[in-house]
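Notes follow once the structure below has been shown.
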Amino acid sequence: MNIKKLITTFREIFEVQPEQAFFAPGRINLIGEHTDYNGGHVFPCAITYGTYAVAKKREDNLVRLYSVNFPDKEIIEFDLTQLEYEKQHNWANYPKGMIRYIKDAGFSIPSGFECVIEGNIPNGAGLSSSASIELLTGVLLDGLFKLGIDRLDMIKIGKRVENEFIGVNSGIMDQFAIGMGKENAGILLDCQTLNFHYAPIQLDHHKILIMNTNKRRELADSKYNERRGECEEALSQLQKKLPIEALGQLTEAEFDENQSLIANETVRKRAKHAVYENMRTLKALEELNAGNLEAFGQLMNQSHISLRDDYEVTGVELDSLVEAAWKQPGVIGARMTGAGFGGCAIAIVENEQVESFIENVGAAYQDKIGHQADFYVASIGDGAKEISMEVSE
């Protein structure tokens, strides 16, 4: 991303020079899918694709936002005293929600600002462009107005925007990975306690490939909330006997022993995924720490199978990509990442096989689905931060 180009765009639109620049990454989840709202563990990392902004404070209460990605929306403008969700404000509801809830938390935002943003995360791909915009707005407000917001508080505000302002009943993983990301490290996060630690990921001989189905997934309109409801139903039935607060507190053996408490077979399958996926995530960290990349890859594969068969959130596009990936030489493991219902999958691939992998998987996908997939080689990068106005990446 060329910051100088973003600065030029800002000058053209607002006819002044911006003061500061900011970045928030996207994220991938290496393993641990649909476990976050079930009180389990996730293992995400921030990636070097993300959302950039340049901004300048104003002397009045107006906030004026422009996205290079949505030029047809033109400048979206609102007043600091009018921070209600408005459908016509489209993408700008994410920054608006952050401003509102940061103010609600007692921070003073004494004036409006002008901002141009541009992201290189494919929109709707499931790499968390919405949480990226939320945390970008958080560090932008923090930097412009010297607010001193605690990073965990900022992450929680981002989640609140997603849940209450936008209306998507998602967990905290996306905001956490984007807020706390660290170069060359995954984050093992306990979503029940928010305890976390970094796990170094050394991929000297391998690359992480992101495979985009180019089927947009609209989280708010998907079956995401339905799955969450099914897990809550399973939990309430298990709680008749077990003193647990979340499915993530169960081992596989405890679940197997008590699964008959769940009357509905579909609901039982959903709960099985939540429990088994959580244990897979803990095993994956052990294998990674022991340097067993092959075993880590096998757990990735098992994760996808569970998401396909028990949780039923993959769909033909994601399955076609992942199943084609499994057949390629040099592939350690592959699985869908994100909420599912379209979006992206990831694969860990030997360096020398990357080109043939993209060619072969791309051709198999085109043959089966009828449109192209896109491929991105991802690096693991830092979390949301202010960046130099001189940076050009």
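The hydrophobic clustering, which links ILVMFWY residues whose side-chain heavy atoms are closer than 4.5 Å, places V161 and I178 together. If you chain together hydrophobic residues whose side chains sit under 4.5 Å apart, L321 and L209 fall into the same group. Follow the hydrophobic side-chain contacts under 4.5 Å out from Y85 and you reach I157 in the same cluster. Cluster annotation: V349 is not connected to I380 through the hydrophobic network of ILVMFWY side chains, with a link wherever side-chain heavy atoms come within less than 4.5 Å.
Of the charged side-chain nitrogens involved, none lies within less than 4.0 Å of a carboxylate oxygen, so that E114 and K56 do not count as a salt-bridged pair. We find that E164 and R100 are not joined by a salt bridge, their nearest charged nitrogen and carboxylate oxygen being 4.0 Å or further apart.
With sequence neighbours left out, the side chain to side chain donor-acceptor pair (under 3.5 Å) criterion links D60 to R58. With sequence neighbours excluded, the residues that form a side chain to side chain donor-acceptor pair (under 3.5 Å) with E312 are R270. Annotation: side chain to side chain donor-acceptor pair (under 3.5 Å) contacts of Q17 (sequence neighbours excluded): R11. Not counting sequence neighbours, the partners of H89 by the side chain to side chain donor-acceptor pair (under 3.5 Å) test are K96.
Checked by atom type and distance alone, the side chain of Q20 pairs as donor or acceptor with a backbone atom of G143 at under 3.5 Å. A donor-acceptor distance shorter than 3.5 angstrom exists from the side chain of N258 to the backbone of E254, with no hydrogens or angles considered. Here the side chain of H34 pairs a donor or acceptor atom with the backbone of A339 at under 3.5 angstrom.
Residues R280 and S303 bring no donor and acceptor atom of their side chains to less than 3.5 Å of each other. Judged purely by distance below 3.5 Å, without hydrogens or angles, the side chains of H41 and N278 pair a donor atom with an acceptor atom. E134 and Q175 form a side-chain donor-acceptor contact under 3.5 Å, judged by distance and modelled atom types alone.
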* Please test D36 against L189 for side chain to side chain contact (heavy atoms under 4.5 Å, CB included), starting from the C-alpha separation and ending with a verdict. => CA-CA 9 Å; D36 55 347; L189 170 66; over 6 Å; no
* For the pair F375 and Y365, evaluate ring-ring contact (aromatic ring centres under 6.0 Å, His included) and give the outcome as yes or no after the intermediate values. => CA-CA 12 Å; F375 297 84; Y365 184 77; 8.2 Å; no
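Classification of the F296-F43 ring pair by plane angle, with boundaries at 30° and 60°, yields perpendicular.
Sorted by first and then second residue, the ring-ring contact (aromatic ring centres under 6.0 Å, His included) pairs involving residues 235-276 (not counting sequence neighbours) are H273-Y311.
Summarising the hydrophobic clusters (Ile, Leu, Val, Met, Phe, Trp, Tyr; side-chain heavy atoms under 4.5 Å, direct or chained), the residues clustered with V322 are I305, W326.
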